[in-house]
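Here the structure is laid out as structure tokens; the discussion comes afterwards.
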2 protein chains.
Amino acid sequence: MSTADRLIESTRELLWERGYVGTSPKAIQQRAGAGQGSMYHHFTGKPDLALAAIRRTAEEMCAKAEELLSAPGTAMDRVAAYLHRERDALKGCPIGRLTQDPDVMADPALRAPVDETLAWLRERLARVLEEGRERGELDAALDPRATAATIVATLQGAYVLARAAGSVRPFDQAITGVLGLLTAHVRPTE
Amino acid sequence: MSTADRLIESTRELLWERGYVGTSPKAIQQRAGAGQGSMYHHFTGKPDLALAAIRRTAEEMCAKAEELLSAPGTAMDRVAAYLHRERDALKGCPIGRLTQDPDVMADPALRAPVDETLAWLRERLARVLEEGRERGELDAALDPRATAATIVATLQGAYVLARAAGSVRPFDQAITGVLGLLTAHVRPTE
DNA sequence: GTCTATATCAGGATAGAC
DNA sequence: GTCTATCCTGATATAGAC
């Protein structure tokens, strides 16, 4: 892995663990095993490096979600697979957490990938639900867009609850709860 | 308002806007119109002041929730009232956001009120749902604890979506969505 | 490309005068 | 109780040598 890559990976980890405001160039360099000069040779500064890191994380996240949501199976199966996918609940969402970072939200360039990722995810889930409705798997009364927003929000909020509690328990409960609520909208197979 | 009170109020605002890591003693003092000496006279340092601020915010939040959740009406009415209560979605939750602050999570004293508030809220909502079930308002199949976790998570996550989008739209959709899902569990009145 | 030196400013606090 | 002076460290870079 090149030095530039190691710098990006270290930044990704630190942004996840400590956020943008809580991450210093020095900490990034140390974790990457790179010197100051090296970092400022490859990147113009902290925002530039953060942008590269955030973009990479955003892409990975969308790719992973797309894989699960475009798999074969009913809409409900795919949503459940997405929600049950392996996650480190206590670490939180590497994209969602940036939403609480004042300096990220203040910089349009840094904010854009965060906005786009979450918007894409809602949109993608809405399409899955819409498909389920069209196929008659799901109740016609179910609002795809609103429900998609609820699913993404539940996931994001479940991370918050897990971190507050220092336990995955409330995370699992929130996921169980939303899937339970959704189940009531699954139409019986003929 | 006393100087100590102004310091606490300024800290509450700044913690909400910028988080713990992003809030400096100097910024607190300036907003409160107090000098350094004044701040260090009333509080031992930033963590001490933050603790006072977080506790006050936590208490207010629980009091507000209790007011709405203990009001007369069906379980569904009260949950809806709580979810629809006036909120500045773009500002996020002043308690939930602390969950993303590494220094807050690392300090047991600062973390405790965050943990307790969110745990209490889940518990309180679970009781409301349980009551609804006992009264026959809600479907017996509904799991009160899991559903309560889902409701709190949806709210917390809805803030994340609103902030990412820079719009209250996804917040409203998430709330609409979860209430829609819940509605399917309301039993018809005899 | 990477290193070391240097610079500036902010964070977070202490000390002692008033 | 509040103010000012002072202190030390870390954040975020720039400059120039190697």
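Convention: sequence-line order gives letters A, B, ...; per-chain numbering from 1. Side chains included, hydrogens not; waters and symmetry mates left out as well; all remaining heavy atoms used.
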Measure [atom1]/[X] against [atom2]/[N] and give the value in whole Å, please.
| X | N | atom1 | atom2 | result |
| --- | --- | --- | --- | --- |
| A/Asp103 | C/dA10 | CG | C1' | 13 Å |
| B/Leu49 | C/dG12 | CG | C1' | 13 Å |
| B/Met39 | C/dA15 | CE | C1' | 16 Å |

Interface limits on DNA chain D, where chain B has a heavy atom under 4.0 Å of a nucleotide atom | D/dG1 to D/dT4

Kindly confirm or rule out a cation-pi arrangement of B/Lys46 over B/Tyr20, judged by NZ or CZ under 6.0 Å from the six-membered ring centre and within 45° of its axis?
-> yes

With a cut-off of under 6.0 Å to the ring centre and 45° to the axis, is B/Arg122 in cation-pi contact with A/Phe171?
-> no

Sub-3.5 Å donor-acceptor pair from the side chain of A/Asp139 to the main-chain atoms of A/Leu142, do we have one?
-> no

Could you measure the distance from the [atom1] atom of [X] to the [atom2] atom of [Y]? Nearest 0.5 Å is fine.
| X | Y | atom1 | atom2 | result |
| --- | --- | --- | --- | --- |
| A/Leu15 | A/Arg97 | CG | CZ | 8.5 Å |
| B/Ile54 | B/Leu110 | CD1 | CG | 5.0 Å |
| A/Met1 | A/Arg6 | CE | CZ | 7.0 Å |

Ordered by number, residues from residues 14-33 of chain A within less than 4.0 Å of DNA chain C (heavy atoms) are none

Contact residues, residues 1-9 of chain B to DNA chain C [heavy atom, < 4.0 Å] | none

Does the side chain of B/Thr154 come under 3.5 Å of the side chain of A/Thr150 through a donor N or O and an acceptor N or O?
-> no

Please list, chain by chain and in numerical order, all residues satisfying side chain to side chain contact (heavy atoms under 4.5 Å, CB included) with B/Ala81, sequence neighbours excluded.
-> none

Residues in side chain to side chain donor-acceptor pair (under 3.5 Å) contact with B/Arg56, at least two apart in sequence or another chain = B/Asp5, B/Glu9

Who are the side chain to side chain donor-acceptor pair (under 3.5 Å) partners of B/Thr74, not counting sequence neighbours?
-> B/Asp77

Pick base, sugar-phosphate or nothing for A/Gly37, based on heavy-atom distances below 4.0 Å to the nucleic acid.
-> base

